[in-house]
Structure formats: C-alpha cells, structure tokens
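The next block holds one structure in the form of structure tokens; read it before the comments.
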Amino acid sequence: MRRKGKRTNRSADDAEPTRRGRMTEEEKLRVARVREDQLSSADTPEDGDRWSTWGDADQGPKPHPDWLITELAAVDRELGIVKTGKEADVFLLERAMGDRSCLLAAKRYRSNDHRMFHRDAGYLEGRRMKKSRENRAIANRTAFGRNLIAEQWTVAEFAALSKLWQIGAPVPYPVQRSGTELLLEFIGDAEGNAAPRLAQTRPDEDELLDLWRQLVATLMTLAEAGITHGDLSAYNLMVHDGRLVVIDLPQVVDLVANPRGVEFLDRDVRNICGWFASRGLPSEIGDPSALVATLLDVAGMG
C-alpha cells in the first residue's frame with residue numbers, strides 16, 4: 001500500500017536536509033576544502049607554491065594593466081604576510097612567468113572558526129540572498145551562514161573596487177576573486193615594502209593640504225557612484241609617492257539601498273575630518289558638516 005504523507009507548503013528554496021545520510025551544507029564545504037587541498041598538493045610547481053589561479057577566477061576590469069601577469073602557466077609564490085586583521089589577512093604574493101613577475105596583495109578572509117563579522121548587520125542591509133534558507137543561515141550565524149557572509153563581503157569588495165577603478169578612483173587594481181580570496185595590486189615598492197597608512201604619516205602643512213584635496217576629490221567620486229566607504233579612517237587610506245589610495249572596501253555602503261546610508265556617510269566624513277584636524281588642518285577647510293552636505297548634493301540626495 002502507498003503511504004500517505006503530509007503535504008507541505010515549503011518551497012524548494014526552504015528545504016532543509018532531513019533524510020539520514022544527506023550531507024549538510026557545512027559538511028559539503030568541508031569535503032570541498034579537503035578535495036581542493038588534495039588537488040593542490042598533488043599538482044604543485046617546483047619553483048612556487050601554486051600555479052596561477054587566474055583562469056579559474058573572476059577577473060578584474062579590462063583593459064588589464066600592462067604589469068599584470070595573465071598567463072595561465074604562471075606560478076604564484078608566497079613572500080610573507082603584510083597585515084593581519086579581524087576578518088582577513090593580507091599576504092604578499094609574487095606571480096611570475098619566465099623573467100617577468102609582478103607583486104600582488106592576497107587578501108584572504110579567515111575560516112569561520114576565527115572570523116569576527118561582529119559589525120556586519122548594518123552593512124549587510126540591502127544585500128539579502130535570494131534563497132530564504134541562506135538568509136536564515138546568515139541571520140542565525142551558522143557555520144554555513146558565516147561562510148556566506150564572507151562570500152558576500154568578498155564579492156562586494158571586488159565589485160566596488162572594479163567599479164571605482166573604472167571611473168578613475170584611487171584604489172588598488174582588483175586583479176581577481178576566487179572564493180573568499182582577493183588578489184589586488186600591491187601598493188608599495190618593488191622590494192615588497194608596503195606603502196604607509198595615512199595614520200602613519202607626518203605630513204607638513206603643504207602635504208596635509210594636498211592630501212586633504214585628494215581626499216575630497218575621492219569622496220566626491222564615491223558619492224557620484226552612489227556609495228560611501230562605510231568604515232573610513234586614516235588606517236584605510238595609504239599614501240604612495242604622495243598619492244592617496246583607498247583600501248579595505250568589503251563594507252562599502254550603497255547610499256540609496258541601505259537605509260542607514262546617510263548615517264554611514266556622515267560617520268565616514270567625521271572620522272577622517274577628525275584626523276586631519278588633529279594634524280593641523282584649519283577647521284574652516286575641514287568642516288565635516290559642509291563636506292557631508294556637498295557629498296549628498298553630488299550623490300543627488302541633497
């Protein structure tokens with residue numbers, strides 16, 4: 001006799017693994033990582049740590065810079081760590097093909113055991129996933145959900161960098177994205193020394209004014225694109241050969257889609273204006289209220 005089962009109104013997107021023997025999403029991720037590790041160890045170049053992952057990754061905007069090595073037979077070699085952070089670590093990577101090479105910054109989000117997305121709720125507004133099961137995983141901060149958050153942040157940063165690079169904003173060129181790893185243009189010298197953060201500099205009066213003007217131009221470029229950094233400070237700006245470069249954009253905020261967009265913009269401006277004021281920039285030049293008003297006007301929200 002045929003069994004009668006209870007009918008359910010749950011959609012396919014809402015379906016959860018219920019049968020015995022069916023792998024959970026967390027287990028699938030673990031098995032995938034094991035397989036990837038096995039493949040990596042079985043096919044490692046003699047003169048590097050891995051073959052170039054360029055062909056399997058989301059690639060940066062065209063035209064690709066002349067300095068970038070795009071050959072699939074290129075080799076990647078780890079040269080050390082550049083910076084550690086709560087959500088990600090940045091490593092120095094050399095990609096070489098024959099006698100040609102380039103330095104890249106490899107930004108890698110940490111495993112879900114160590115990741116600390118403790119401030120992501122406000123940033124993630126307006127970035128909902130299509131599947132309700134994934135939204136629940138994110139809301140409940142399961143291991144699967146934390147991996148989804150990392151993926152969202154990585155995708156958002158890569159997309160923001162690509163967009164800003166194309167409109168001429170001073171950001172590192174986004175080379176590629178593969179999973180939760182971003183490869184970026186290395187901002188520093190040919191010996192692998194990273195450029196200093198703005199917070200580490202001690203500019204004189206003329207240099208300070210020049211950096212301020214660069215900052216305002218950059219913020220206007222972002223506002224024209226309808227976004228704000230979301231966590232702007234003197235630690236998220238680098239100074240390379242006198243040029244201000246914006247970094248760390250995983251939490252980039254859409255001024256319109258995010259209900260707190262204007263709040264984030266205001267906080268960004270006041271944070272960075274406070275640093276310039278502490279270094280001696282006159283208050284009539286670095287007035288945060290006036291700058292916020294100008295940026296909102298540029299964004300069409302004035």
Side-chain angles (χ1 to χ4, degrees), residues 29 31-85 87-111 147 150-195 238-241 243 245-250 252:
L29 288 168
V31 171
R33 285 196 294 269
V34 171
R35 288 174 178 169
E36 184 178 352
D37 290 342
Q38 290 174 339
L39 288 173
S40 298
S41 61
D43 185 23
T44 302
E46 293 181 0
D47 54 346
D49 295 293
R50 70 183 187 188
W51 296 105
S52 169
T53 53
W54 173 259
D56 299 321
D58 295 334
Q59 300 170 357
K62 295 181 178 179
H64 304 310
D66 294 337
W67 54 263
L68 181 61
I69 306 294
T70 60
E71 286 84 352
L72 299 183
V75 171
D76 291 347
R77 183 165 59 250
E78 302 274 348
L79 299 181
I81 192 163
V82 176
K83 176 182 177 291
T84 60
E87 290 87 17
D89 297 322
V90 180
F91 297 83
L92 182 62
L93 192 77
E94 181 187 46
R95 177 163 289 176
M97 180 66 187
D99 58 355
R100 297 171 52 238
S101 66
C102 64
L103 293 178
L104 303 173
K107 184 173 184 178
R108 296 165 185 159
Y109 284 90
R110 297 185 177 190
S111 69
N147 277 291
E151 189 86 9
Q152 281 186 292
W153 282 43
T154 312
V155 170
E157 182 168 22
F158 186 71
L161 287 168
S162 298
K163 180 178 182 179
L164 291 171
W165 173 268
Q166 289 177 301
I167 62 177
V171 296
Y173 176 74
V175 174
Q176 65 178 66
R177 182 194 70 86
S178 180
T180 55
E181 179 190 72
L182 284 177
L183 294 189
L184 309 171
E185 173 188 3
F186 176 68
I187 306 300
D189 61 30
E191 284 70 44
N193 299 305
M238 302 181 82
V239 181
H240 183 49
D241 294 335
R243 177 172 176 260
V245 181
V246 185
I247 60 171
D248 292 339
L249 286 137
V252 64

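We count residues from 1, following the sequence as given. Values below: every heavy atom of this structure, side chains too, minus hydrogens, waters and symmetry copies.
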Leu183 vs Leu93, side-chain contact (heavy atoms from CB on, under 4.5 Å): CA-CA, chis, key distance, verdict
CA-CA 9 Å; Leu183 294 189; Leu93 192 77; 3.9 Å; yes
Calculate, to the nearest 0.5 Å, the distance between atoms [atom1] and [atom2] belonging to [X] and [Y] respectively.
X      : Y      : atom1 : atom2 : result
Ile187 : Asn193 : CD1   : CG    : 14.0 Å
Phe91  : Asp49  : CZ    : CG    : 11.5 Å
Ser52  : Gln176 : OG    : CD    : 6.0 Å

Contact check, side chains of [X] and [Y], non-hydrogen atoms, under 4.5 Å:
X      : Y      : value
Phe186 : Cys102 : no
Val75  : Met97  : no
Leu68  : Trp54  : yes
Leu92  : Leu103 : yes
Arg108 : Asp89  : no
Ser101 : Ile69  : no
Gln59  : His64  : yes
Val171 : Leu249 : yes

Return the minimal non-hydrogen interatomic distance between [X] and [Y], and the atom names on each side.
X      : Y      : value
Met238 : Ala195 : CE-O, 3.0 Å
Pro250 : Tyr109 : CB-OH, 3.0 Å
Pro172 : Trp165 : C-CE3, 4.3 Å
Arg77  : Gly48  : CB-CA, 4.4 Å

Should Glu185 and Trp67 be marked as a side-chain contact (heavy atoms from CB on, under 4.5 Å) after you check the CA-CA gap, both sets of side-chain angles, and the distance that decides it?
CA-CA 10 Å; Glu185 173 188 3; Trp67 54 263; 3.7 Å; yes
Electrostatic pair Lys163-Glu157, nearest N-O below 4.0 angstrom
no
Does Arg100 pair with Glu71 as a salt bridge, N-O distance under 4.0 Å?
yes
Is the backbone N or O of Leu104 less than 3.5 Å from a side-chain atom of Arg95, with the two atoms forming a donor-acceptor pair by type?
no
Do any N or O atoms from the side chain of Arg243 and from the backbone of Val245 form a donor-acceptor pair under 3.5 angstrom?
no
For the pair Asp248 and Lys107, evaluate salt bridge (charged side-chain N to carboxylate O under 4.0 Å, His left out) and give the outcome as yes or no after the intermediate values.
CA-CA 10 Å; Asp248 292 339; Lys107 184 173 184 178; 3.3 Å; yes
Might you work through the side-chain contact (heavy atoms from CB on, under 4.5 Å) test for Tyr173 and Leu184, ending with a clear yes or no?
CA-CA 6 Å; Tyr173 176 74; Leu184 309 171; over 6 Å; no
Carefully, step by step, assess Thr154 and Leu182 under the rule side-chain contact (heavy atoms from CB on, under 4.5 Å).
CA-CA 7 Å; Thr154 312; Leu182 284 177; 3.7 Å; yes
Salt bridge (charged side-chain N to carboxylate O under 4.0 Å, His left out) assessment of Arg50 paired with Asp76:
CA-CA 5 Å; Arg50 70 183 187 188; Asp76 291 347; 3.0 Å; yes
